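Just so it is clear, the model here is predicted, and its values are computed rather than measured.
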Amino acid sequence: MTAGKSDSDTGFREFNVGFDDDGIRLDRWFKRHLPDTSFTTVAMWARTGQLRVDGARATPGDRIAAGQMLRVPPPEADKAAADVDKPRRVRERVILSDEETELAQSMVIHKDFQAFVLNKPPGLATQGGTKTTQHVDGLLDGLQYDNEGRPKLVHRLDKDTSGALLVARTSRAAAFFAKAFSGRTARKVYWALVVDVPSIEDGMIELPIAKQPGTGGEKMHVDEAEGAPARTRYRVIERAGNRAAWVELQPFTGRTHQLRVHMAAIGHPIVGDGKYGGAAAFLTGGISRKMHLHARRIKVDHPDGGSIDVTAELPTHFAESLKQLGFEEKLGDDLVLDEKTAPTREQMKSRARAHAKSVRKDRKGERRGRGVVEEKATGKPAPKTGGPRTGAGSKFGAPRSGPRVEGVKPAGRGRPGGAGKPGPRSGPGTR
């Protein structure tokens with residue numbers, strides 16, 4: 001944004017929209033550059049035609065583009081003097097120690113004008129909290145370099161989860177990436193070691209997740225009634241007999257602790273995850289007790305075109321566990337990333353409506369069929385029955401319980417043959 005120019009006759013101010021503000025809402029622009037101007041004032045200016053973009057009337061919800069000229073009324077008379085003297089609120093840059101700066105810069109595995117990708121080590125929180133003094137967000141000042149704006153977190157990883165973490169370098173990039181994550185176009189691939197071996201080698205877990213009562217929001221659980229929809233795809237890469245499996249995980253939703261909750265729910269907790277797997281989450285034989293969950297790869301469209309596609313090296317304890325179990329790291333990277341994305345919310349709603357319509361039609365046909373049979377047998381019209389319908393498949397029947405997993409069962413013991421075409425849905429709790 002270029003500095004505002006004031007018309008000496010009218011007092012109106014003019015601002016040129018900067019590159020970092022391209023595509024944002026007009027009310028958001030005011031929050032960034034004129035934070036002392038309330039939304040009520042901006043809305044009043046819009047209603048009275050005083051707020052203009054390239055000469056045309058504008059509303060707070062309009063999107064603006066780089067290079068456009070904003071015409072903003074002068075401050076209210078009773079606040080004019082205060083606005084002149086009051087400096088714009090700017091967050092002071094934190095001066096980090098040499099060790100903190102070195103740590104921040106050592107995590108960078110990708111850097112361009114719009115973004116960083118960091119390889120976050122296990123044990124380092126993404127953001128601060130109670131008794132958490134060192135975290136990624138607090139180290140971002142060490143990555144500001146010569147940029148005016150401070151780098152911004154786009155998503156998070158659990159404290160004990162390692163791997164690829166995307167950071168935006170500009171406000172424009174932050175808005176772009178946030179849209180990619182909310183629209184489910186960003187792809188994240190995780191590696192995990194899990195206890196035992198899933199009976200289905202390529203499956204989709206669909207279990208709603210909610211905060212577990214009594215834990216203060218620190219722990220999540222599967223909640224069929226109140227939980228938010230959550231979908232996770234997993235593929236078995238290799239197995240160590242029946243003792244453990246190395247799996248690839250792809251979250252198609254972004255619920256808190258989703259991968260950990262889902263794998264524990266189907267009976268295969270992530271190795272080292274005592275929070276959700278209890279004592280059963282730890283392997284004997286010298287396998288590290290640290291969490292074995294790593295964000296291996298992130299792929300997302302780039303604001304300037306093309307894409308960011310970055311792989312993060314494994315932490316030491318995870319790499320050593322793979323070797324100890326006889327797994328070859330190359331096999332995980334050989335899996336082809338399925339470019340199919342999860343269905344959008346509208347697509348899921350449309351499918352649900354179509355399914356409900358089909359069920360109602362089938363039930364209607366069944367009732368008509370029963371009536372015809374009774375009429376032939378008795379010679380009298382079948383009586384109409386009332387009251388709720390119960391039993392399997394009915395609206396008021398017992399709810400289905402247990403984890404829902406669908407996918408491909410392995411062909412036999414030993415190393416799986418890789419992902420193939422989905423076969424018949426089978427196994428406990430499948431649909």
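Residue Met220 comes nearest to Tyr276 through the heavy atom pair N-OH, 2.9 Å, listed as atom of the first residue, atom of the second, then distance.
We find that Arg71 and Glu14 are not joined by a salt bridge, their nearest charged nitrogen and carboxylate oxygen being 4.0 Å or further apart. The residues Asp309 and Arg297 are annotated as salt-bridged, a charged nitrogen and a carboxylate oxygen being separated by less than 4.0 angstrom. In this structure, Lys211 does not pair ionically with Asp223, as no charged nitrogen and carboxylate oxygen lie closer than 4.0 Å. Here Asp160 does not pair with Lys120 in a salt bridge; the nearest charged N to carboxylate O distance is not below 4.0 Å. With respect to the salt-bridge test (charged N to carboxylate O, under 4.0 angstrom), the residues Asp202 and Arg233 qualify. Salt bridge status for Asp21 with Arg32: present, with a side-chain N to carboxylate O gap under 4.0 Å. Remark: Asp27 does not engage Lys31 in a salt bridge, criterion side-chain N to carboxylate O under 4.0 Å. At a threshold of 4.0 Å, the pair Arg296-Asp333 counts as salt-bridged, since one of the basic side-chain nitrogens sits closer than that to a carboxylate oxygen. For the pair Asp273 and Lys275, the salt-bridge criterion is not met [side-chain N within less than 4.0 Å of a carboxylate O].
No side-chain heavy atom of Val72 sits under 4.5 Å from any side-chain heavy atom of Arg52. With a 4.5 Å cut-off on side-chain heavy atoms, Pro198 and Val236 count as touching. Residues Lys219 and His257 fail the side-chain proximity criterion, which asks for heavy atoms closer than 4.5 Å.
Annotation: side-chain contact (heavy atoms from CB on, under 4.5 Å) contacts of Val300 (sequence neighbours excluded): Leu166, Phe177, Ala180, Ala186, Ile308. With sequence neighbours excluded, the residues satisfying side-chain contact (heavy atoms from CB on, under 4.5 Å) with Asp196 are His268.
Screening Leu153, Val117, Val154, Asn119 against Leu165 for a side-chain contact (heavy atoms from CB on, under 4.5 Å) leaves a single residue, Leu153.
Donor-acceptor pairing under 3.5 Å is lacking for the side chains of His302 and Ser307. Side chains of Thr59 and Asp62: a donor-acceptor N/O pair is present below 3.5 angstrom, by distance only. The closest side-chain donor-acceptor pair between Thr170 and Gln114 falls under 3.5 angstrom.
One finds the CH2 atom of Trp191 at 15.0 Å from the CD1 atom of Ile270 (value rounded to the nearest 0.5 Å). Interatomic distance, CG of Leu335 versus CD of Glu248, reported as 5.0 Å (0.5 Å rounding). Note: Glu100 CD to Asp141 CG = 10.0 Å, rounded to the nearest 0.5 Å.
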Decide side-chain hydrogen bond (donor to acceptor under 3.5 Å, both in side chains) for Gln250 and Thr232; before the verdict, give the C-alpha distance in whole Å, the side-chain angles of both, and the deciding distance to 0.1 Å. CA-CA 6 Å; Gln250 293 184 47; Thr232 299; over 6 Å; no
Candidate pair Met263 and Leu249, rule side-chain contact (heavy atoms from CB on, under 4.5 Å), full reasoning: CA-CA 10 Å; Met263 295 311 296; Leu249 303 172; 3.8 Å; yes
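Figure legend: cation-pi geometry between Arg289 and Phe282, with NZ or CZ positioned under 6.0 Å from the six-membered ring centre and within 45° of its axis.
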Side-chain polar contacts of residues 312-327 - donor-acceptor pairs under 3.5 angstrom, sequence neighbours left out - could you list them?
from, atom 1, to, atom 2, distance (Å)
His317, NE2, Met291, O, 2.8
Ser321, OG, His292, NE2, 2.8
Ser321, OG, His317, O, 3.0
Gln324, NE2, Gly285, O, 2.5

